[in-house]
Each structure stands twice: as C-alpha cells, then as structure tokens.
2 protein chains.
Amino acid sequence: MSPRSTRRASLQLARFVPFRLNRLAVAVSQHLSAIYRGRFQLDIPEWRVMATVGQDPRCTAQHIAASTRMHKTRVSRAIAHLLKRGLIERVSRAADRREMQLRLSSSGRRMYAQLVPLALLRERALLACMSARELRGFITGLARLEGFLGVAGPAAARASASHAESLP
Amino acid sequence: MSPRSTRRASLQLARFVPFRLNRLAVAVSQHLSAIYRGRFQLDIPEWRVMATVGQDPRCTAQHIAASTRMHKTRVSRAIAHLLKRGLIERVSRAADRREMQLRLSSSGRRMYAQLVPLALLRERALLACMSARELRGFITGLARLEGFLGVAGPAAARASASHAESLP
DNA sequence: CACAAACGGTTGCGCACGCAACTGTCTGGA
DNA sequence: TCCAGACAGTTGCGTGCGCAACCGTTTGTG
C-alpha cells in the first residue's frame with residue numbers, strides 16, 4: 001500500500017461525493033417544490049408528468065417512466081391524480097389498446113403556461129451562484145456522471161452540452 | 001420581453017438541472033447502496049449514522065441530524081436499529097442527561113473498517129469517469145450550490161475544495 | 001390457429017418517511 | 001425559587017413509495 005492511498009483511508013461524510021450529491025438534490029428539490037406544492041398543489045411526480053406531457057403531446061405513461069426514470073407505479077398514480085383534477089386527458093389508441101395517449105387539458109395548459117416560466121426562473125436563480133465558466137464545468141461533470149451511470153439517453157447527453165451556453 | 005428570453009420559454013425536463021440532479025443522486029445512491037444493503041444489511045440512514053459515529057467518537061443523535069441533514073426521527077430510527085444489532089453503543093452523559101453519547105461497538109468497528117475502504121473505492125470508481133480537471137470543476141460547482149442553499153457548514157466548504165486534489 | 005410470452009398499465013401490501021405531539025431534562029429570567 | 005420555554009430524543013399517525021402480482025392486450029412462434 002502506497003503512502004498516498006493510506007493517507008486517505010479515513011472517510012469524512014462531508015467530503016464524500018455521493019452523500020453530498022444526495023444532500024444537494026434533496027435541498028434543490030425542496031427549494032423548487034415550494035412552487036409546485038404551494039401554488040399549484042402538485043407534488044414532484046405530478047410536476048414531472050405535467051412537464052413531460054406538456055412538451056410531448058402524444059405521450060404515454062411508459063414514455064414518461066422511461067424519460068423521467070420514475071417507477072411505473074409512481075407515474076401511474078401521478079397520472080391518476082392529474083386525471084381526477086382534470087389537468088390532463090387520456091385517449092386509448094386504436095393501434096394498440098394497451099397504450100393510453102396523454103395530453104394536457106385546457107386547464108392543464110393554462111397551469112403549464114404559468115408553471116414553466118416560474119420553474120425556469122428558479123433554475124436560473126439557483127445557477128446564478130456560479131460564474132458561466134463554473135457552470136459549464138459543473139454541467140460537464142453532471143453529464144459525465146449521467147453517461148457513466150446510464151441515466152440519460154444519447155439525445156439528452158447531446159442536449160445537455162448545448163444547454164449550458166444559454167444559461168447565465 | 002427580449003427575443004433571447006422568449007427563445008427558451010419552453011422547458012425540457014432532460015435539460016432541467018434540478019431534475020437532472022435529482023435523477024443523478026438517485027442513481028448514485030442505488031449504485032452505492034448495493035454495498036450497504038447486500039453485504040452489510042445497512043440502509044442509507046444506517047450507513048450515514050455508522051459513518052458519522054465512526055469518524056466522531058463522541059457523537060450525539062442531534063449532531064448526526066445536523067451534519068447529515070436527516071430528519072431527527074430518521075436518525076432516531078436508524079440508531080435504534082443499530083443498537084438492536086449491537087453495532088453501536090450509547091451512554092447518557094452526566095453533564096446533560098438529555099443527550100446520549102454514541103460510539104461504535106467492537107463489532108461496529110470491525111464493520112466500519114470493512115465498509116470505509118469499499119465506499120471510498122466506489123467513489124473513486126464513480127469519479128473516474130471524469131478527468132482531474134473536470135472533477136475539480138464539478139466539485140467547485142457542487143460547493144457553490146451547497147453554499148447557496150446553505151446545506152454545508154463552513155468547515156465542509158473549506159474541506160471540499162482541498163478534497164478534489166486527492167482524487168483521480 | 002393457438003397459446004405462451006411480452007408488454008402497458010393498475011392495484012394490494014408492507015415499509016420507511018416526515019409531521020406533530022409527547023416525555024424527560026435543562027436553562028434563564030421574574 | 002419556580003416555572004415557562006427550549007431542547008434531546010421517541011412515538012403515533014397518515015402518506016407515498018417500490019415490489020410483486022395482477023388484468024387485458026398484443027406479438028410471435030409452433
């Protein structure tokens with residue numbers, strides 16, 4: 001064993017990246033979910049469904065589960081809530097009657113139109129604690145880890161790089 | 001409204017940093033908790049308690065809750081499990097009988113000694129998907145966000161900068 | 001054509017979580 | 001001195017979650 005590897009044989013949780021990542025994600029979630037819950041009575045799964053359906057108008061539960069990496073039961077329950085509130089609508093496809101096509105209702109579209117600018121504003125406010133250069137570095141690392149763990153499709157990986165350019 | 005701000009008035013969840021952070025944290029947690037659960041039958045709160053008690057031998061539940069930012073009931077239940085399994089011990093302090101001082105038992109120390117190298121190994125394996133330069137950038141951004149959201153004490157902030165140097 | 005396997009989506013169940021309320025202990029000011 | 005409030009830690013309760021099992025539909029293979 002080299003002196004170098006023994007030097008850091010101890011563990012400090014405050015420096016342990018997986019822990020820090022989890023703690024940070026919880027804090028960011030809480031920071032944002034104040035909007036969803038307080039103003040629109042959406043929890044996080046519901047917000048994700050709204051966001052996904054809003055950007056893809058011929059969306060299925062399956063597709064939402066895959067792109068958000070939420071468990072399909074979580075998606076199913078979020079959809080059930082949104083249906084009950086009349087924020088989304090569902091039609092079964094003639095081609096395959098197992099699938100249900102989802103889209104925003106008119107009231108859902110109204111909420112979506114209010115929700116999206118607020119969410120983007122919060123994201124910008126959050127990331128404004130970094131310089132543009134730091135942000136690029138951070139996003140790059142994020143994308144590397146996503147790629148390593150296989151949590152983002154190739155489309156998302158391509159998108160993420162260009163995204164940094166349009167942020168402060 | 002400027003053309004620039006209207007250009008990105010739409011939201012793509014796959015590019016939305018808070019969502020990506022959460023998704024990544026979940027993936028990293030699952031990646032790591034395979035060790036804790038499979039090999040040592042620890043869940044994440046229990047692992048965090050072990051890690052905290054192991055690095056600070058005169059630790060209280062209160063201190064664990066503050067430094068990990070876990071809810072005190074979560075900490076309390078994790079401690080109860082570890083006590084039942086004989087991995088930690090507890091003595092009430094004469095100075096203040098509300099507080100209970102925690103420390104690893106001998107079997108807890110044995111587990112800790114096996115656990116820490118594995119955890120550090122996994123961290124290194126995870127972060128090896130980045131170059132040293134990318135890693136520094138990523139850790140810097142992490143620290144900025146932690147500072148902005150107030151999730152890390154000043155000690156942790158100081159530590160995090162120097163940490164990057166000792167990683168690949 | 002038939003039937004088994006795969007698939008989209010839902011549901012029953014057990015479990016961990018956070019909130020609020022609680023117990024027991026300490027502290028500070030009237 | 002006393003008592004109201006703060007604090008460490010625990011517990012009852014409602015809720016959301018993931019797993020596994022399930023239903024109805026489609027697909028593929030003999």
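These numbers were taken from a predicted model, which means no experiment stands behind them.
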Novice: Which class fits the ring pair A/Phe148 and B/His31: parallel under 30°, tilted 30 to 60°, perpendicular over 60°?
Specialist: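 Perpendicular, since the angle between the ring planes exceeds 60°.
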
Novice: Check the distance between C/dG9's C1' and A/Arg93's CZ and give it to me in whole angstrom.
Specialist: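 It is 14 Å, rounded to the nearest whole Å.
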
Novice: Does B/Arg103 have more than 12 heavy atoms from other residues, nucleotides or ligands lying within 6.0 Å of its CZ?
Specialist: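 Not more than 12 within 6.0 Å, no.
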
Novice: Heavy atoms, side chains only, cut-off 4.5 Å: are B/Pro45 and B/Met70 in contact?
Specialist: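 Heavy-atom side-chain distance check passes, below 4.5 Å.
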
Novice: Report the distance from atom CD1 of A/Ile44 to atom P of C/dG18, rounded to the nearest whole Å.
Specialist: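 In whole Å, C/dG18 P and A/Ile44 CD1 are 13 Å from each other.
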
Novice: Could you state the CZ-P distance from B/Arg77 to D/dC13, rounded to the nearest angstrom?
Specialist: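 The answer, rounded to whole Å, is 12 Å.
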
Novice: Report the distance from atom CD of B/Glu99 to atom P of C/dG24, rounded to the nearest whole Å.
Specialist: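 Taking CD of B/Glu99 and P of C/dG24, I get 18 Å after rounding.
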
Novice: Could you tell me whether the phosphate oxygens of D/dG9, OP1 or OP2, come under 4.0 Å of any side-chain nitrogen or oxygen in B/Arg98?
Specialist: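 Negative; the distance criterion is not met.
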
Novice: Output the rounded distance in Å from CD (A/Gln41) to C1' (D/dG16).
Specialist: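 One finds 18 Å between C1' of D/dG16 and CD of A/Gln41, rounded.
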
Novice: Between B/Arg90 and D/dT10, does any side-chain N or O lie under 4.0 Å from OP1 or OP2?
Specialist: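 Yes.
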
Novice: Between B/Thr68 and B/Arg48 (side chain of the first, backbone of the second, donor and acceptor by atom type, cut-off under 3.5 Å), is there such a pair?
Specialist: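 Side chain of B/Thr68 to backbone of B/Arg48: no pair is present.
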
Novice: Out of C/dG9, C/dT11, D/dG9, which nucleotide sits closest to the side chain of A/Ala61?
Specialist: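 Side chain of A/Ala61 sits closest to C/dG9.
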
Novice: Quick one: is A/Ser76 getting a side-chain N or O under 4.0 Å of the C/dT10 phosphate, OP1 or OP2?
Specialist: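 So the side-chain polar atoms of A/Ser76 do come within 4.0 Å of the phosphate oxygens OP1 or OP2 of C/dT10, strictly under.
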
Novice: In whole angstrom, what separates A/Gln101's CD from D/dT25's C1'?
Specialist: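 Answer to the nearest Å: 17 Å.
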
Novice: Between atom CZ in A/Arg58 and atom P in C/dG8, what is the gap in whole Å?
Specialist: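 Whole-Å distance recorded here is 18 Å.
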
Novice: Using atom CG of A/Leu102 as one end and atom P of C/dG8 as the other, report the distance to the nearest whole Å.
Specialist: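 Result: 14 Å.
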
Novice: Would one find a side-chain N or O of A/Arg97 under 4.0 angstrom from OP1 or OP2 of D/dT26?
Specialist: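 Checking A/Arg97 against D/dT26: at least one side-chain N or O falls below 4.0 Å of OP1 or OP2.
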
Novice: Please compare A/Asp96 and A/Asp43 by the position of their nearest nucleotide in DNA chain D and report the one closer to 5'.
Specialist: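 So the residue in question is A/Asp43.
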
